[in-house]
Amino acid sequence: MTEPLLQYDQQSDGSLLKTLRTFFDANCSQKDAAERLFVHPKTLAYRLELIRKLTNLDLSQHSDRMRADLALRLLQVTEAVSDLDSPPPPSES
């Protein structure tokens, strides 16, 4: 579920993953999410529609919201573990 969003964000210097996480953190309130992201509500609505097209998830459906939220949380855990496994950058002396 997150792969198309990751690819879009990398190719377009976008912020779909951040938008989706903020939308969930705002209890799925588009108004609150737009305020938190400092974007116009229509911009947020456009991003959510793009997320729907890329993932085929209907964020008005509870089961799809649950799947998306779980996928985002798994991605965060995976990235955190990956960061722990990475060697530290060389220190500058």
Side-chain angles (χ1 to χ4, degrees):
M1 197 255 21
T2 57
E3 190 61 33
L5 302 180
L6 282 166
Q7 288 178 357
Y8 180 89
D9 282 355
Q10 289 172 351
Q11 293 170 357
S12 305
D13 197 25
S15 57
L16 295 183
L17 287 169
K18 181 179 179 181
T19 296
L20 190 56
R21 178 77 267 145
T22 303
F23 176 67
F24 290 141
D25 290 346
N27 292 317
C28 300
S29 166
Q30 289 189 27
K31 178 183 178 284
D32 290 348
E35 288 174 3
R36 291 178 186 193
L37 291 167
F38 303 103
V39 298
H40 193 278
K42 288 186 179 185
T43 300
L44 182 82
Y46 169 79
R47 290 180 185 176
L48 292 174
E49 177 61 18
L50 188 53
I51 289 167
R52 185 195 65 76
K53 287 180 181 177
L54 291 170
T55 63
N56 285 328
L57 293 175
D58 180 356
L59 295 177
S60 69
Q61 298 295 313
H62 179 70
S63 60
D64 282 356
R65 285 193 308 268
M66 292 285 292
R67 287 177 51 212
D69 190 29
L70 180 59
L72 285 177
R73 292 181 189 279
L74 288 172
L75 179 64
Q76 287 175 316
V77 169
T78 302
E79 289 174 346
V81 169
S82 178
D83 288 346
L84 290 174
D85 289 341
S86 300
S91 60
E92 295 180 26
S93 301

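If you're wondering where the values come from, they're calculated on a predicted model, not measured in any experiment.
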To the closest 0.5 Å, what do you measure between [atom1] ([X]) and [atom2] ([Y])?
| X | Y | atom1 | atom2 | answer |
| --- | --- | --- | --- | --- |
| Q30 | T19 | CD | OG1 | 11.0 Å |
| L75 | E3 | CG | CD | 9.0 Å |
| L5 | L72 | CG | CG | 7.5 Å |
| R67 | L59 | CZ | CG | 10.5 Å |

Quiz item: Within the distance-only criterion (no hydrogens, no angle test), does the side chain of D9 pair as donor or acceptor with the backbone N or O of S15 below 3.5 angstrom?
Solution: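 Yes; at least one donor-acceptor contact below 3.5 Å.
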
Return the minimal non-hydrogen interatomic distance between [X] and [Y], and the atom names on each side.
| X | Y | answer |
| --- | --- | --- |
| L37 | K18 | CD2-CE, 3.9 Å |
| L57 | M1 | CD1-SD, 3.1 Å |
| I51 | T55 | O-OG1, 2.7 Å |
| R65 | C28 | CD-SG, 3.4 Å |
| A26 | A33 | CB-N, 3.7 Å |

Quiz item: So do R47 and V39 actually touch side chain to side chain, heavy atoms under 4.5 Å?
Solution: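 Result yes, sub-4.5 Å side-chain heavy-atom pair found.
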
Quiz prompt | Name of the residue among N27, L20, T22 meeting side chain to side chain contact (heavy atoms under 4.5 Å, CB included) with F24 | solution =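 So, applying the side chain to side chain contact (heavy atoms under 4.5 Å, CB included) to F24 and each of N27, L20, T22, only L20 qualifies.
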
Practice problem: Carefully, step by step, assess R52 and D64 under the rule salt bridge (charged side-chain N to carboxylate O under 4.0 Å, His left out). | Solution: CA-CA 10 Å; R52 185 195 65 76; D64 282 356; over 6 Å; no

Quiz prompt | Connected via hydrophobic side-chain network under 4.5 Å: L74 and L17 | solution =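 Cluster IDs for L74 and L17 differ.
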
Practice problem: Look at the side-chain heavy atoms of Ile, Leu, Val, Met, Phe, Trp and Tyr, link any pair under 4.5 Å apart, and say whether F23 and L6 land in one connected group. | Solution: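 In one cluster: yes.
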
Quiz item: Salt bridge or not for R36 and D32, using N-O below 4.0 Å?
Solution: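 Looking at R36 and D32, the cut-off is not met.
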
